[in-house]
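Reviewing the structure listed below.
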Amino acid sequence: MIDIKTIRDQAGLVKQSLRKRNENDDVVDVILEFDKQRRKIIEAVNALRGQRNAASKKVAQLKASGENEEAEKVIAQAKQLGQQIATEEKKLSEYEEKIMELLLRIPNICHESVPFGNSEDDNVEVRKWGKPRVFDFEPQAHWDLGPKLKLMDFERAAKLSGSRFTVMYSCFARLERALINFMLDVHTKQHGYTEVWVPHLVKRETMTTTGQLPKFEEEAYRIESDDIFLIPTAEVPLVALRSNEILQEADLPLRYVAYSPCYRREAGSYGKDVRGMIRQHQFDKVELVWLTTPEKSFEDLERLVSDAETVLKLLELPYRVVELCTADLGFGAAKTYDLEVWLPSYNNYKEISSCSNDTDFQARRGNIRYRRRSDGKLVFAHTLNGSGVAIGRALVAVVENYQRSDGRIDVPKVLQPYMNCEVIP
RNA sequence: GGAGAGGUGGCCGAGCGGUCGAAGGCGCUUGCCUGCUAAGCAAGUGUGGGGACUACCCCACCGAGGGUUCGAAUCCCUCCCUCUCCGCCA
């Protein structure tokens, strides 16, 4: 959520940011008008309440000195005031609700460094690492190779759960688990993250903190009986972990890493990535989250990206780093880098990690603050999140990039201790 | 799921219808004192919102939301959470 003060003081900037994202900016003027009304009512309510408080005080005094008749008179007046206050308060809460509803649906303000663009085609490649392997045979896509090896089973997954699910057996199932452990170890041991184990079902409030709600409710799986949601990423519980808390500046940055399954309805992506396990309703991910200060957050984002890159480097998977343009930026993000891994089946790079600085957008929604040492003030923290990295897509990348002409798959060196083998199967 | 207890400021903890934004303690800040440190003494120390927009005034906030009342941290209702016991259970 952006600060209503920013809308008041820098309406132009907010409108510009919305337009850069290809969004309508009319909402800004609507909010400004509601805000004007709201403040007018607040003035009125405050004055009325002041009068009533004074009257109540008088009642206490009069009763103490035994002037009961006089007290009754004042009580009658105060009762009148109470009714007026009630009407004004009702109007006030109506405006406040309207403003909050709109505010919760406005995306974060793009950082000035974000390249302008109209679609994902305008994203900017920042750097490349590794060279896509040149095969001396026709490499197979994982959706062909996996079932052929009887290690991936899309048919039975569909029987159990419908489309966009996968069943895996033996070496592939173990590879999934190996990747999870490998990545958690890299981030905890090499990068110093704190490992967190999180709930996969969260409250509406928690989903609102990170920005999944209210705008994208149709994207989430919801358990109706309890109005509780399956997390679409561990970012949700990790960011909200410290909601409504006051942090110590000395403790910042807090850096969390968590493995979790991710559940996404993928509403509206009907034609996309229909083959294989690239786009699933359920997938595993190791997620990185930082809670940091406004002064450091953009610098920290570079660190976060580099931490995610380390995983791909260690796996020796060719990838590139792309900076998202304004039109492709996510709802809560002020700036985002995507990591894209080379996939032979796509003959292209495919997103495997997305690293964003959400600035104070989520912190304001979740009320995550810290006490600033320099002046003792409470300020909203900045939150960063990034995949470190997506497990399912990493598995696909390993399978496709490490395949041999005989259909077997070499196990990347760093995974061998986790797999207890050098080749699959 | 059943029975009971409870949720108060950065923390601990009083208050149970009016002068309570909230005693007391701890912590923190400043000043004094002091070879250093510790102790001691004194003062200060919540957040948010409105308006004047400087040192000022007002309003709200004692888990959340409703209600009773001239007036609620204090009474009533609903919800959330924590703890204890019972039941069930991976």
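Keep in mind that the numbers below use all heavy atoms, side chains included, and drop hydrogens, waters and symmetry copies.
The nucleotide B:rU19 finds no pairing partner, because no Watson-Crick or G-U wobble arrangement with both distances shorter than 3.5 Å includes it. Base pairing annotation: B:rU54 forms no Watson-Crick or G-U wobble pair, as no partner gives both donor-acceptor distances under 3.5 Å. In this structure, B:rG71 makes no Watson-Crick or G-U wobble pair, since no nucleotide meets both defining distances under 3.5 angstrom. The partner of B:rA3 is B:rU84, judged by Watson-Crick or G-U wobble contacts that both fall below 3.5 Å. Remark: B:rG27 base-pairs with B:rU45. Criterion, Watson-Crick or G-U wobble with two distances under 3.5 Å. Base pairing analysis places B:rC32 opposite B:rG40; the two distances defining the Watson-Crick or G-U wobble pair are each below 3.5 Å.
Rounded to whole Å, the distance from CG on A:Asn68 to C1' on B:rC70 is 13 Å. At whole-Å resolution of the value, CD1 in A:Ile85 and C1' in B:rA60 are 12 Å apart. Straight-line distance from the CD atom of A:Gln83 to the P atom of B:rC70: 10 Å, rounded to whole Å. Distance A:Glu89 CD to B:rG49 P: 18 Å, rounded to the nearest Å. In this structure, the CZ atom of A:Arg371 is 10 Å from the C1' atom of B:rC28, given to the nearest Å. As rounded to whole Å, 18 Å separates atom P of B:rC28 from atom CD of A:Glu249.
For A:Lys203, the side-chain atoms get nearest to B:rC80 when compared with the rest of B:rC80, B:rC58, B:rG71. The side chain of A:Ser56 lies closest to B:rG18, out of B:rU47, B:rG18, B:rG49. Taking the side chain of A:Ile42 as heavy atoms from C-beta on, and the options B:rG18, B:rG50, B:rU47, the nearest nucleotide is B:rG50. Here B:rG51 is the nucleotide among B:rC59, B:rG51, B:rG18 with the atom lying nearest to any side-chain atom of A:Arg39. Comparing B:rG49, B:rC70, B:rA60 by their nearest atom to the side chain of A:Ala78 picks out B:rC70.
When each of A:Ile246 and A:Lys5 is assigned the nucleotide of RNA chain B bearing its nearest heavy atom, the one mapping closer to the 5' terminus is A:Ile246. Each of A:Gln248 and A:Gly82 was assigned the nucleotide of RNA chain B with the nearest heavy atom; the assignment lying further toward the 5' end belongs to A:Gln248.
Distances shown here put a side-chain N or O of A:Arg52 below 4.0 Å from the OP1 or OP2 atom of B:rG71. Look at A:Lys79 and you'll find a side-chain N or O under 4.0 angstrom from OP1 or OP2 of B:rC70. For A:Asn53, a side-chain nitrogen or oxygen approaches OP1 or OP2 of B:rA60 to under 4.0 Å. In terms of phosphate contacts, A:Arg8 brings a side-chain nitrogen or oxygen within less than 4.0 Å of OP1 or OP2 of B:rG50.
The same atom, C1', is picked in B:rG9 and in B:rA73; the two are 12 Å apart, to the nearest Å. Taking atom P on both nucleotides, B:rC11 is separated from B:rG48 by 15 Å, rounded to a whole Å. Separating the C1' atom of B:rU45 from that of B:rG25 is a span of 15 Å, rounded to the nearest Å. Of the C1' atoms belonging to B:rC33 and B:rG15, the separation is 37 Å, rounded to the nearest Å. Going from the P atom of B:rU47 to that of B:rA22 covers 14 Å, rounded to whole Å. A distance of about 15 Å separates the C1' atoms of B:rA60 and B:rG71, rounded to the whole Å. As rounded to the nearest Å, B:rG6 and B:rA14 have P atoms that lie 12 Å from one another. For the P atom pair drawn from B:rG13 and B:rU19, the interatomic distance equals 25 Å after rounding to whole Å.
Because its NZ or CZ atom is not both nearer than 6.0 Å to the ring centre of A:Phe116 and within 45° of the ring axis, A:Lys20 does not count as a cation-pi partner of that residue. A:Arg255 forms a cation-pi arrangement with A:Tyr193, by the criterion of a distance under 6.0 Å to the ring centre and an angle within 45° of the ring axis.
Using a 4.0 Å heavy-atom distance criterion, A:Gly50 is classed as a sugar-phosphate-only contact. Base engagement by A:Val59 is indicated by at least one non-hydrogen atom pair under 4.0 Å involving a base atom. Contacts of A:Arg204 with the nucleic acid, taken as non-hydrogen atoms under 4.0 Å apart, are absent. Within 4.0 Å of A:Leu378, counting heavy atoms only, lie sugar-phosphate atoms of the nucleic acid but no base atom. At a threshold of 4.0 angstrom between heavy atoms, the contacts of A:Lys40 with the nucleic acid are absent.
Of the possible donor and acceptor atoms, one in the side chain of A:Asn123 sits under 3.5 Å from a partner among the backbone N and O of A:Cys325. Proximity of a side-chain donor or acceptor of A:Gln280 to a complementary backbone N or O of A:Gly276 within less than 3.5 Å is detected.
Residue A:Glu235 forms a side chain to side chain contact (heavy atoms under 4.5 Å, CB included) with just one option from A:Leu384, A:Thr210, A:Thr383, and that option is A:Thr210.
Ring planes of A:His281 and A:Phe165: tilted class, angle from 30 to 60°.
Salt-bridge formation is not detected for the pair A:Lys58/A:Glu70: no Lys NZ or Arg NE/NH1/NH2 atom is positioned less than 4.0 Å from an Asp or Glu carboxylate oxygen. A salt bridge links A:Asp273 with A:Lys350; the closest basic N to acidic carboxylate O contact falls under 4.0 Å.
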